[in-house]
Each structure stands twice: as structure tokens, then as C-alpha cells.
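First up is the structure itself, then whatever we jot down about it.
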2 protein chains.
Amino acid sequence: MPASKKKLSLVADGRIWISTAEGKLVGKGRIELLEKIKQYGSIRQAAMAMEMSYRQAWQLIDDMNTKAQTPLVISTRGGKGGGKATVTEKGEQYITLFNSFNKKFQQLLAQQTQHFIF
Amino acid sequence: MPASKKKLSLVADGRIWISTAEGKLVGKGRIELLEKIKQYGSIRQAAMAMEMSYRQAWQLIDDMNTKAQTPLVISTRGGKGGGKATVTEKGEQYITLFNSFNKKFQQLLAQQTQHFIF
DNA sequence: TTTCGTTATACCTGTTGAGGTATAACGAAA
DNA sequence: TTTCGTTATACCTCAACAGGTATAACGAAA
């Protein structure tokens, strides 16, 4: 088989998220951010772990807290350690909800990709 | 219920496409474009029907034809009517393939959205 | 050989949004 | 009251991209 006619492999791909009427609430990146905040207790450290600027992380959190009725992340500044951030119970719920949704989606992608093999 | 606490309705949302190693091959918009070309036999008229510039439509088609081994659209210029465009058999196959994939995806979204009602 | 509507392609420009930098605010602990 | 690391927020800039405009190429029909 010549290089110019190398077999074309097709892959089912996509992205998912959970929306409110105001638009996107949580997707893969935001959920990962929540998980890192839960792990480190700090927005800054979570951002660093994801190789994302603090500014960007903060904006994502602010957007989530604005769109959801209940804050998903609560943060305080000053004091020991300079400040901290914690994921609320509601935030945990979204993590669980999205991961379950995403698992089913990944299964669909894998299944469909199989169908693309002629 | 005060307006500030209006019930938050969550929706499972997302986008899907079929990729090659070179990246995105076809998604919702491109498939719709193929269908319009099939309908009108003209890139320009298909673009107009989708309220898209000819330029953009042409770029999408060129990208599809480049990434797929076989052209999905064949076009000729000059002659009666100024030129024309037809969707190839391969193009038709992608329309069918994607629409089937998309149907299952839409079912997943609907099903998941049900789960979001607490 | 002129007309016509389309395909094909080059070029230019404004915008928007991603991202960095800078700095104020904060409060517990020392 | 000083220190410290974080949260919170303003500001600026540059590149990438979307999108329009312009124009060449084309060939059947009149």
C-alpha cells in the first residue's frame, strides 16, 4: 500500500458539557479543575497543576458560581497560608454527575468508532 | 419562588464529529452542507441556503476532500449554469454514517438530561 | 466570440478573545 | 504591626481567526 493511500482510520470524537439557560456550566476542564481544588484546597495550586494561569482558573470558577444557584467553590483570602478554596457539596455533586455522563459518552464513542471500520 | 431563585434547569449538551488522524473530517455543519449540495447541485446555492459565505463553504469542502482519501464533493466550472457540484458516493456514505452516530448521541443527551432532574 | 453564473483563489482588515502582567485586598500568625 | 501566600480584579497587548471583497478561470450555449 503506497503511503499516499495509507488506510484512513476514522474516529468518533466529541465533547460534552452540562448547560443551564445561561450556557455552559461544567465540562471536562472545569470538572478537572474542581477535582484539583478539592485535592489542593487552593485555586492557585490547582491552576498550576493544570498548567493554567490563575486568572483563567479564577474566571472559570467565577463563571460556575454565577451560573449555578449554589457556589461550587467557596474561597477565602488572608490568614494562614494566605487563603484557601474548598469544593462545596454541590460542587461534588456536579463532579459525580458529569463523570457518570462522560463515562457513558466515552462508551458511545468507542462503540461508534468500531462501526467505522469498513 | 423568587425570580432570583428560579429553578435551575440542567441540560446535557455536546458536539460530535468524525475525525481522521489529520483532525476533524465531518460534523453537523459539514454534513448539512453536503446535504444542501446534494439538494441544489451547487456550492453557491448550498452556501446561501445555510446563510454561509461561498468562501467558507468552499473551504469546508476543500478540507473534507483533502482529509478523506476520496473526494466527497466533485465540482466543475464553466458551461451551462456556470458550473455544478455533486456529492459522491463516498460523501453519501459519510452522511449516513454521521446521521446514525448523531441519532444515538441525541438519544444519550436526552436520556442524561432526564437524570439531571433532581 | 460574447455572455453568463459558477468555481477557485488571493488578499486585506477588523475584532475578539486568550493570556500575561501588575497590583490591591485580606487576615492569621509570629 | 510586619510578614506571607493567597484571593480578587483591573488593564493591556498581540496574534489568530472569521469574514468580506475582489478577481481570475472556466466552458457550454447563444
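Convention: sequence-line order gives letters A, B, ...; per-chain numbering from 1.
Annotation: salt bridge (Lys or Arg N to Asp or Glu O under 4.0 Å) contacts of B:Lys67 (sequence neighbours excluded): B:Asp63. Residues that satisfy the salt bridge (Lys or Arg N to Asp or Glu O under 4.0 Å) test with A:Glu22, not counting sequence neighbours, are absent from this structure. Not counting sequence neighbours, the partners of B:Gln107 by the side chain to side chain contact (heavy atoms under 4.5 Å, CB included) test are B:Lys103. For B:Ala57, the side chain to side chain contact (heavy atoms under 4.5 Å, CB included) partners two or more places apart in sequence, or in a different chain, are B:Leu33, B:Ile43, B:Ala47, B:Met52.
The side chain to side chain donor-acceptor pair (under 3.5 Å) contacts involving residues 10-21 of chain A comprise A:Trp17-A:Ser19, where partners must be two or more places apart or lie in separate chains. Annotation: side chain to side chain donor-acceptor pair (under 3.5 Å) contacts involving residues 38-60 of chain A, sequence neighbours excluded, comprise A:Lys38-A:Glu92.
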When you compare the protein's N or O atoms with those of nucleotides 18-22 of chain D, which come within less than 3.5 Å of each other, and at what distance?
from	atom 1	to	atom 2	distance (Å)
D:dG19	N7	B:Arg55	NE	3.3
D:dG19	N7	B:Arg55	NH2	3.0
D:dG19	O6	B:Arg55	NH2	3.2
D:dG20	O6	B:Arg55	NE	3.2
D:dG20	O6	B:Arg55	NH1	2.7

Write down the protein N/O and nucleotide N/O pairs, taken from nucleotides 26-29 of chain D, whose separation is under 3.5 Å; answer none if there are no such pairs.
from	atom 1	to	atom 2	distance (Å)
D:dC26	O2	B:Gly78	N	3.0
D:dG27	O4'	B:Gly79	N	3.3
D:dG27	N2	B:Gly79	O	3.4
D:dG27	N3	B:Gly79	N	2.8
D:dA28	O4'	B:Lys80	N	3.4

Could I get a table of every N or O pair under 3.5 Å where one atom is in the protein and the other is in nucleotides 1-3 of chain D?
none

Per-pair distances, 0.1 Å, donor-acceptor, side chain in residues 77-88 of chain A, under 3.5 Å, sequence neighbours excluded:
from	atom 1	to	atom 2	distance (Å)
A:Thr88	OG1	A:Pro71	O	2.7
A:Thr88	OG1	A:Leu72	O	3.3
A:Thr88	OG1	A:Lys90	N	3.4
A:Thr88	OG1	A:Gly91	N	3.1

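With a 3.5 Å limit on both pairing distances and Watson-Crick or G-U wobble geometry required, the stems of 3 or more pairs in DNA chain C span C:1-30 with D:1-30.
Using a 4.0 Å cut-off on heavy atoms, the residues of residues 14-47 of chain A that approach DNA chain D are A:Ser42, A:Ile43, A:Arg44, A:Gln45, listed by number.
Using the six-membered ring where Trp is involved, A:Phe116 and B:Phe101 have ring planes that are perpendicular, over 60° apart on the 30 and 60° scheme.
Put simply, the side chain of A:Leu109 does not reach to within 4.5 Å of the side chain of A:Val11, judged on heavy atoms.
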